[in-house]
Amino acid sequence: MSPGPRRTLRLLPWTGPEAKPCFLITDDGGGRVSRLADVTEAIQLDMGAQLLAHAEDLLPDATEAQLRFLAERLTEALRDILRVAESRERRSGEERSSS
């Protein structure tokens, strides 16, 4: 009897209640939630890049209030991007171990 499909645990690019991580247990990468996670990751990465470009333009003449707001948004973007990187690293490690 062959083992069933290999199930994987994917860290999703959003958090649940109390900012706790959300995971998807899946046996393939093509499901609806996986595709939504892929789109969300792409949006988060693009938003981070746009925010960085905005920060580079704003920094030379920013007021204290603008700097505080910018620091808060950059912190949010960095948190999102690190979650994407962790998720991709986990999936990459699973792919290597299953080959």
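Just so we're clear, the structure is a prediction, and the values are computed from it rather than from any experiment. We number each residue from 1, following the sequence as shown.
- Interatomic distance, CZ of Arg90 versus OG1 of Thr8, reported as 11.5 Å (0.5 Å rounding).
- The side-chain heavy atoms of Gln50 and Met47, taken from C-beta on, include no pair separated by under 4.5 Å.
- Residues Leu9 and Leu11 are members of one and the same hydrophobic cluster, defined by side-chain heavy-atom contacts under 4.5 angstrom among Ile, Leu, Val, Met, Phe, Trp and Tyr.
- The closest side-chain heavy-atom distance from Leu59 to Leu70 is below 4.5 Å.
- A donor-acceptor contact shorter than 3.5 Å is absent between the side chain of Glu89 and the backbone of Glu86.
- Between the CG atom of Asp38 and the CZ atom of Arg35 there is a distance of 9.0 Å, given to the nearest 0.5 Å.
- When the side chains of ILVMFWY residues are joined at heavy-atom separations under 4.5 Å, either directly or via intervening members, Leu67 and Leu51 end up in a single hydrophobic cluster.
- The pair Glu76-Arg79 does not meet the salt-bridge criterion, since no charged nitrogen lies less than 4.0 angstrom from a carboxylate oxygen.
- For Cys22 against Gly16, the heavy-atom pair with the smallest separation is SG-N, 3.3 Å.
- With a 6.0 Å radius and a threshold of 12 heavy atoms from other residues, nucleotides or ligands, Glu64 has its CD atom at or below the threshold.
- In plain terms, the two heavy atoms of Gly48 and Ala77 that are nearest each other are CA-CB, 4.2 Å.
- You'll find the side chain of Thr40 reaches within 4.5 Å of the side chain of Trp14, heavy atoms only.
- In this structure the side chain of Asp80 never reaches within 4.5 angstrom of the side chain of Leu45, judged on heavy atoms.
- Grouping the Ile, Leu, Val, Met, Phe, Trp and Tyr side chains by contacts below 4.5 angstrom, directly or via other members, places Ile25 apart from Val33.
- Residues Leu58 and Phe69 fall into different hydrophobic clusters, defined by Ile, Leu, Val, Met, Phe, Trp and Tyr side chains chained together at heavy-atom separations under 4.5 Å.
- The list of salt bridge (charged side-chain N to carboxylate O under 4.0 Å, His left out) pairs with a residue in residues 40-56, not counting sequence neighbours, reads Arg10-Glu41, Glu41-Arg88, Glu41-Arg91.
- A 4.5 Å side-chain heavy-atom check between Ser34 and Leu24 finds at least one atom pair inside the cut-off.
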